[in-house]
Each structure stands twice: as C-alpha cells, then as structure tokens.
Chemist: 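This is the structure, below, for whatever I ask next.
Convention: sequence-line order gives letters A, B, ...; per-chain numbering from 1.
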2 protein chains.
Amino acid sequence: MDVTIDKPRVEHADCRKVSQVLARVGDKWSVLIVMQLAEGELRFSEIKRRVNGISQRMLTLTLRGLERDGLVTRTIYPTVPPRVDYALSELGHSLCRPVMALGQWALAHVDQIDTARERFDRASAAR
Amino acid sequence: MDVTIDKPRVEHADCRKVSQVLARVGDKWSVLIVMQLAEGELRFSEIKRRVNGISQRMLTLTLRGLERDGLVTRTIYPTVPPRVDYALSELGHSLCRPVMALGQWALAHVDQIDTARERFDRASAAR
DNA sequence: CTGTATCCACTGTGATACTG
DNA sequence: CAGTATCACAGTGGATACAG
C-alpha cells in the first residue's frame, strides 16, 4: 500500500506554500513597508512619504495584501478628512526577525554581489 | 556644511540595494533552486527534475542570474553529451542560513496566513 | 487625506521548436 | 544533455484623473 521510506524531505507541498509566502515577501514593496511599520504605526501618507518612490496605487494594493495576509492591521478614524493608521500585527512583527536577518545578509554582501555582477558582465561582453 | 544629526537610519540608499537583493531572493524560482543545491552540486537535468514545474527556459535564466550574482558556480565538462554541474558558492551557502530562517517562519505561519486570507475574503465578499 | 478607476507599458513566465 | 530562439500571454507597476 505504497508506504515509502521517506528521507527527511520537506521538499514537496511545503515548498509550494513557502514559495507563496516568499512571493509576498519578495514583491517590490512589502518588505519596505513592513520595515517602516516595525517601529510603530503610521498613517497612509506617512508611509508614502517614507517609502521613496512608491505610487499611491501600489501603496494601497500592497497594504491591502499585507492586511489580507494578517500581517498589518488597519484602523480607520471616521474624521474628516479621513485618517487611517496602519500597524504591524503580532504576526507581522514576528516576520520582522527573519526579514531583518535577510536584510542584514543583503547589506553585508551587496558589495560582493555587485562586483560579481560586474565581473560576469565584463566576461560576457568579452565573449 | 550640512552636518545633520542622524538618527540611526539605515533607510536610504541601503534600502534600495537591499531591495535589489530581495528581488533576486523573491523571484519565483531562485530560492527553490538554492535549496536544492544546498546539499551538494547537481547537474542541470537533476535540478530540473527536483524543482517541480520549472521550465527549461526558466531554469536556465534563473541559474544564469544566480551565477551572475556569484551565488552559484557553473562547471562545464567538455564531454559529449555535455555535462554541466551547478553548485553553491561560499556566498551562496552563506545565503542559505537567512533564507532557511525565512522558510521556517513561512512554514510555521502558513496556516495562520491562510486563515487570515479566508477571513479577509469572506469579509470582503460580505461588503 | 485616503482611496478608486482607467489606461498602458513593461516584464516575467510558459509552450514549443530547434541546435551543438 | 544542455541549452537558445521565438512567440504569446498574464500579471505588475506607473501615471493620471476622479471621488468620498
């Protein structure tokens, strides 16, 4: 009855799910926004000001995505003009640790990667 | 001479660079391939077999990207038929630690995220 | 101020066929 | 076996205008 001797594989359906999460983390703006929210809640326009280069549209979309995934909470104050605060949920905060670790790695190795790219491109040009 | 009192900000040009690295890590296949290579070198077709669903084209492109960034080494054996081995460089191996950490986080919270999504979608449907 | 609605360009990805 | 070339297509992201 197809009982197989599994090697310690985590490489099947799990990977698919992990990839899905990685896709969120890997999109153009999510991490940048999460980082800004790491230190405390912010208003919509405050995030827009801090995350350099993001369009209003993408900020809205990305925040919706983060909210949907339960990483960010959204608080609306029914004032006029409207005011909306965004904050990291507990889940969102827990994500910070591994993301920061990756960020540290990136920061530590960016130069190495850059030189690797230059070398590769020069080698390619001289094909 | 515009000396400003800097708060401990790492949030300027650094972030751009980090994002660039994150884009590599966040693309659809890079992490999956790096994970496969974590345990040892593999041939092109071996990777293709292990990374379920990847097309030949995307495998080639992703491997080239990883090689360009200095994360993967490429060894060609001038035999016929040709044989090419891919392996993680030292830099590539060092990337494994933070990536695995993120992977562990993803694995640990996938369920939580899934339920959050369902809740959000149900709430949206009932608007 | 905080969004939503359009439109459009670009990029990433997959399918397929071909080559050394 | 290990690619490259070509095409077609969907998704992402930016600009702009508009709305509550």
Chemist: Please report, rounded to the nearest Å, how far the C1' atom of C:dT13 is from the CD atom of B:Q56.
Modeler: 14 Å
Chemist: Starting at atom CG of B:L32, determine the distance to atom C1' of C:dT13, rounded to an integer number of angstrom.
Modeler: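 Distance, rounded to whole Å: 15 Å.
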Chemist: Mind checking if A:R57 touches a base, just sugar-phosphate, or nothing, with heavy atoms under 4.0 Å?
Modeler: base
Chemist: In whole angstrom, what separates B:L59's CG from C:dG14's P?
Modeler: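 In whole Å, C:dG14 P lies 11 Å from B:L59 CG.
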Chemist: Is there a side-chain contact between A:R64 and the phosphate of C:dG3, meaning an N or O under 4.0 Å from OP1 or OP2?
Modeler: yes
Chemist: Answer yes or no: does atom CZ of A:R117 have more than 12 heavy-atom neighbours from other residues, nucleotides or ligands under 6.0 Å?
Modeler: yes
Chemist: Are more than 12 heavy atoms, taken from residues, nucleotides or ligands other than A:R97, located less than 6.0 Å from that residue's CZ atom?
Modeler: no
Chemist: State whether A:R74 places a side-chain N or O below 4.0 Å from either non-bridging phosphate oxygen (OP1 or OP2) of C:dG3.
Modeler: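 Indeed, a polar side-chain atom of A:R74 lies that close.
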Chemist: Tell me: CZ of A:R24 to C1' of D:dG11, nearest whole Å?
Modeler: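 These atoms are roughly 14 Å apart.
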Chemist: In this structure, which one of A:E41, A:R74, A:R43 forms a side chain to side chain donor-acceptor pair (under 3.5 Å) with A:Y86?
Modeler: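 When side chain to side chain donor-acceptor pair (under 3.5 Å) is applied between A:Y86 and each of A:E41, A:R74, A:R43, only A:R74 qualifies.
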Chemist: Take A:I54 and B:R43, find for each the nucleotide of DNA chain D with the closest heavy atom, and name the residue whose nucleotide sits nearer the 5' end.
Modeler: B:R43
Chemist: Does atom CZ of A:R119 have more than 12 heavy-atom neighbours, drawn from other residues, nucleotides or ligands, at distances under 6.0 Å?
Modeler: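 No.
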Chemist: Hey, which of these two, B:S45 or A:T62, hits DNA chain D nearer its 5' end, going by closest nucleotide?
Modeler: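 Nearest nucleotide further toward 5': that of B:S45.
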Chemist: Taking only the side-chain nitrogens and oxygens of A:Y86, find out if one of them lies under 4.0 Å from OP1 or OP2 of C:dG3.
Modeler: yes
Chemist: In terms of side-chain geometry, is the basic nitrogen of A:E46 or A:R50 positioned less than 4.0 Å from the acidic oxygen of its partner?
Modeler: yes
Chemist: How many whole angstroms separate atom CG of B:D27 from atom P of D:dG11?
Modeler: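 In whole Å, D:dG11 P lies 18 Å from B:D27 CG.
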Chemist: Between A:L61 (CG) and D:dT12 (C1'), how many Å, whole number?
Modeler: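 Between C1' of D:dT12 and CG of A:L61: 9 Å.
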Chemist: Once you round it to whole Å, what is the distance between C1' of C:dT11 and NZ of B:K28?
Modeler: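 About 14 Å, once rounded to whole Å.
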Chemist: Rounded to the Å, how far apart are A:M58 CE and D:dT16 P?
Modeler: 17 Å
Chemist: Of all the choices, C:dG3, D:dG20, D:dC1, which nucleotide is nearest to the side chain of B:P82 once you look at every atom?
Modeler: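 It is D:dC1.
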Chemist: Measuring from the side chain of A:S55 (C-beta onward, heavy atoms only), which nucleotide among D:dG14, C:dT4, D:dG3 has the closest atom?
Modeler: D:dG14
